[in-house]
Structure formats: C-alpha cells, structure tokens
Amino acid sequence: MKSDPFTDELGLKMAAPEVSESEIQSLATWLEGKEWCTARQIEEALGLDERKVRAIAEHSDGLILSGPGCPGYRLFDGATRIGDADRAAHPSFRKVTYGCTWLFSRFASR
C-alpha cells in the first residue's frame, strides 16, 4: 500500500475494499440497459458505498466503465460512443496497465 502523509500521521490504514466475482456480476447485472449511473444511485439500489463501487469497477477487467471525466458508471457493452471508451481510458485513469489498446480493440469488435 502506498504511503499517504495524511493517513500515516493519524495512524490510519485505508486498504481498498475486497471485491468478489459475485459483486462484480451483481453490479454488472444491475447496470444492464442503463445509461451512466452515479455512485449514489448504485448505493441506494444495492447498498454499496462509493469506495466499494469504485473498487468493483477497478477489478471488473473493463466490464464496468468509469474514470476521470465520466459521469458515473456503466457497462462497457452499453457504451454508445467511442468517447465513452476514450473517457475510461484517459491516461490518469488508475487501471490503464494494458496501455488502452485492449479497450479500443474490445470496442471495435462489438
């Protein structure tokens, strides 16, 4: 875990929430047929807090889109424009470990 001067000074440890495959599938099922959904909407419907929703999206292997500039969360397969994929592949997005090519090739293969 990365060091954070604010939490280190207070002695806090902020580990990311654990994510299960069933949680990823549960959120993906709920997002089916929906446009962008905010973390608040997801929390109200599924009882997941914002940190948990973010962790689920990050561990979804591109199934659930979100990132800087995105208005919330949505299924990749529901993306309607290349702009949706482009937003999620923004360089500051945390999970760009594959270099973005997997995202554009997945979008093009639909």
Side-chain angles (χ1 to χ4, degrees):
M1 181 168 35
K2 283 176 58 175
S3 178
D4 179 345
F6 298 108
T7 57
D8 289 349
E9 185 175 321
L10 297 173
L12 301 174
K13 300 294 179 201
M14 302 294 289
E18 295 289 321
V19 175
S20 70
E21 190 63 35
S22 65
E23 289 172 317
I24 294 170
Q25 288 307 313
S26 176
L27 180 54
T29 299
W30 187 81
L31 287 170
E32 282 180 16
K34 293 179 175 64
E35 294 293 320
W36 292 100
C37 296
T38 65
R40 175 174 279 172
Q41 290 171 308
I42 296 168
E43 182 176 6
E44 290 172 1
L46 302 177
L48 302 169
D49 66 37
E50 186 174 349
R51 286 186 76 234
K52 185 69 169 190
V53 173
R54 192 176 322 119
I56 291 171
E58 289 176 359
H59 288 88
S60 73
D61 196 28
L63 177 65
I64 300 168
L65 290 179
S66 186
C70 293
Y73 299 85
R74 77 177 303 165
L75 285 182
F76 177 88
D77 293 338
T80 56
R81 303 183 329 255
I82 194 68
D84 291 338
D86 186 48
R87 270 193 225 112
H90 190 276
S92 62
F93 185 53
R94 288 186 215 141
K95 294 300 257 183
V96 189
T97 55
Y98 299 108
C100 302
T101 55
W102 64 271
L103 189 59
F104 289 107
S105 63
R106 182 172 176 177
F107 193 83
S109 68
R110 292 186 13 196

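Here the structure is a predicted model, which is why all the values come from computation and not from measurement.
Atom CG of residue L63 and atom CD1 of residue I24 lie 8.0 Å apart, to the nearest 0.5 angstrom. Atom CD1 of I64 is separated from atom CG of L75 by 6.5 Å, given to the nearest 0.5 angstrom. Atom CD in E50 sits 6.0 Å away from atom OH in Y73 (nearest 0.5 Å). Note that CD1 of I56 and CZ of R51 are 12.0 Å apart. Values are rounded to the nearest 0.5 Å. Once rounded to the nearest 0.5 Å, the distance linking CZ of R74 with CD of E35 reads 4.5 Å. To the nearest 0.5 Å, the span separating OG on S26 from CD on E21 amounts to 11.5 Å.
For F76 against G62, the heavy-atom pair with the smallest separation is CB-O, 3.2 Å.
The pair R54-E58 does not meet the salt-bridge criterion, since no charged nitrogen lies less than 4.0 angstrom from a carboxylate oxygen.
Scored by the side chain to side chain donor-acceptor pair (under 3.5 Å) test, T29 finds no partners at all (sequence neighbours excluded). Residues forming a side-chain contact (heavy atoms from CB on, under 4.5 Å) with S20 (at least two apart in sequence, or on another chain): S22, E23.
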Mind listing the side-chain donor-acceptor pairs of residues 40-48 below 3.5 Å, one per line with the distance, residues two or more places apart or on another chain?
unit_1, atom_1, unit_2, atom_2, d
Q41, OE1, T38, N, 2.6
Q41, OE1, T38, OG1, 3.4

